Visitor: 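After the structure tokens below, expect a handful of questions from me.
The structure presented is a predicted model; accordingly, all values stated were derived computationally and were not measured. Residue numbers begin at 1 in each chain, while the letters A, B, ... track the order of the sequences.
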Amino acid sequence: MAVKIYDTKARKKVALTFRDEGKVSVYVCGPTVYDVPHIGHGRTAVVFDTIRRYLIWSGLEVNFVSNVTDIEDKIIARAARDGLTESEVAQEFEEKYFAELDRLVVMRPDVTPHATGYIAAMVKLISDLVANGHAYTIDDQGVYFDVSSYSAYGELSHRDLATLLESAGARVDVDSAKRSPVDFVLWKLAKPGEPSWDSPWGAGRPGWHIECSAMALGLLGDGFDLHGAGDDLVFPHNENEIAQAGAAGHEFARHWIHSGMVQINAEKMSKSSGNFRSLADALDTYDPRAFRVAVLLTQYRSAMELGDSELTAAASAVDRFDSLARRAMAVEIDLSTASIDRKREQSFRAAMDDDFATPAALAIIFAAVSEANQAFDCEDIETAATLVATVKELAGVLGIVIGRIEDSSGDSRIDQLVVDRETARANRDFATADRIRDNLEAEGVVIADRASGTTWHRR
RNA sequence: GGCGGCGUAGCCGAGUGGUUCAGGCAAGGGUCUGCAAAACCCUGGACGCGGGUUCGAUUCCCGCCGCCGCCUCCA
């Protein structure tokens, strides 16, 4: 296998190489759980889930770690606002996060570390940084990372310290107590009433960046293979992760991969700007598979629109899959024994190996859908069976489940209505037949008259 | 201001120095059908603007215009 990925640090496509042959260790930055997940969380999760599925399908043993940040200023603020404890807030929104990801058929991480479960490891890492001179304390505030002490700072996001210093303070007030405006907090001392953990520097809580360094190193070890995150975390979050780990003497991620943002009307969607759509809303309105297809129809690094027109279009594409599945079911094709078209599988693999080119991979699958339909039209069932099996297999690799899970048979009331309509049609009483069809249509049941008889399914 | 990215047909979105260059959605016309739905066939239309390199550029280079991201919390 020769997967190439666009490595953010290298700024080009590179061969994905592994610390341990045949195994790949992945860390992906997860959400801070202070509010409901939005469609941007959905996109990022689908992107990395698809990468994960592809790597597994390629025969690699994947260890996929993705964290939940369950202590942070925004959680504290939300708890205060709602009169809840921080852990209640975190728990509520973590549950909601995973509930939505479940609908998207996103696999749960192999390990989901929580910041509050890694305090000791973080304290240890900070202690190491203080001990070797990469961190300093400020009375009554906490412990800070000394960016100037780490010469490789900026290697991920390609910034140099001088430039950073120039622009520092341009957009945000600088905390004058810090030695340098670019220094960042490792340990925040608690104000009265805030949740806190004991540490050598006093009761407090970890800074945001330290948790990912500590958890990634703790769970995957030095020099793990792949670190992923949303594009907006490259700087400063991921950059700081590297600095913390590196300054403490650890080799950090070998490769970095970042997924693009979701936009609304060409503007980045974000909670802080208020232009966000919740994932629950999108998945209530559209088939979650349509969401997934819409996401994968765009290259993962590009910013993308993910609005009603995109979701509607993707929903139609999903219908195409389901129509094909119904067609296969109607002639009772046994997919478990059908062979896979190896040439298409190879093309699919080539597309995915090239930096997970899901748009190209989907194009291959859609082409197979068309040809499967053609084969059915020619009553070449054997060819059709191979193509349908191939579509199912490859779509499955992308996490797209083809064919409705719900049962579209066994509803005797609808079956009877269909029979009634057949009778009416036989009598050329089309007014009655059409009325029955319209009524069923209104409740989401679609009628299809075929040479082999009438079938129905739910929309 | 610094760094980076983008501008492709009605929409979304791949991609490539050159004969017919994805795919999805939508539109128009057919086939099938009592009519639909689905499916299949056909059709139209693209590469922001101006230069340059080249036998040939949407694809490379330069300039310009427009848009966006990061530099602050953010998936």
Visitor: Whole-Å distance between B/rC70 P and A/R301 CZ?
Guide: 18 Å
Visitor: Considering only side-chain heavy atoms of A/D232, which listed nucleotide, B/rC70, B/rG34, B/rG24, is closest?
Guide: B/rC70
Visitor: So for A/S323 and B/rA38, does any side-chain atom that can act as donor or acceptor lie under 3.5 Å from a complementary atom in the base?
Guide: no
Visitor: Looking only at N and O atoms, is any donor in the side chain of A/R437 or the base of B/rA36 less than 3.5 Å from an acceptor on the other one?
Guide: yes
Visitor: Suppose we call a contact any N or O donor and acceptor under 3.5 Å apart; does that hold for the side chain of A/D449 and the base of B/rC35?
Guide: yes
Visitor: Using modelled atom types only, decide if a donor and an acceptor are shared between the side chain of A/Y300 and the backbone of A/V295 within a distance under 3.5 Å.
Guide: no
Visitor: Does A/F366 lie flat on the base of B/rG23, that is, centres under 5.5 Å apart and planes under 30° off?
Guide: no
Visitor: State whether A/R327 places a side-chain N or O below 4.0 Å from either non-bridging phosphate oxygen (OP1 or OP2) of B/rC40.
Guide: no
Visitor: Say whether, by atom type as modelled, one donor and one acceptor occur between the side chain of A/R292 and the main chain of A/L398 under 3.5 angstrom.
Guide: yes
Visitor: Name the nucleic acid region contacted by A/S270, choosing base, sugar-phosphate or nothing; use a 4.0 angstrom heavy-atom cut-off, strictly under.
Guide: base
Visitor: Can you tell me, in whole Å, how much space there is between the P of B/rA27 and that of B/rU19?
Guide: 31 Å
Visitor: Counting any heavy atom closer than 4.0 Å, what does A/I447 reach on the DNA or RNA strands: base, sugar-phosphate only, or nothing?
Guide: base
Visitor: Suppose we call a contact any N or O donor and acceptor under 3.5 Å apart; does that hold for the side chain of A/D434 and the base of B/rG34?
Guide: yes
Visitor: Using nucleotides 1-11 of chain B, report all nitrogen or oxygen pairs with the protein that are shorter than 3.5 Å.
Guide:
unit_1, atom_1, unit_2, atom_2, d
B/rC3, O2', A/R11, NH2, 3.2

Visitor: Reading RNA chain B from 5' onward, which residue's closest nucleotide shows up sooner: A/Y34 or A/Q374?
Guide: A/Q374
Visitor: What are the two closest heavy atoms between A/R53 and A/V397, and how far apart are they?
Guide: CB-O, 3.2 Å
Visitor: Please tell me which of the listed nucleotides, B/rA75, B/rC35, B/rA14, lies nearest to the side chain of A/P359?
Guide: B/rA14
Visitor: Looking at B/rC70, I'd like to know if its phosphate oxygens (OP1 or OP2) sit under 4.0 Å from a side-chain N or O belonging to A/K268.
Guide: yes
Visitor: A/D377 side chain: which of B/rC40, B/rA37, B/rC71 is closest?
Guide: B/rC40
Visitor: Considering only atom C1', compute the distance from B/rG10 to B/rC41 and round it to an integer number of Å.
Guide: 22 Å
Visitor: Taking OP1 and OP2 of B/rA14, is either one under 4.0 Å from a side-chain nitrogen or oxygen of A/S302?
Guide: yes
Visitor: Could you check whether A/R349 makes a cation-pi contact with A/W57, meaning its NZ or CZ is under 6.0 Å from the centre of the six-membered ring and within 45° of the ring axis?
Guide: yes
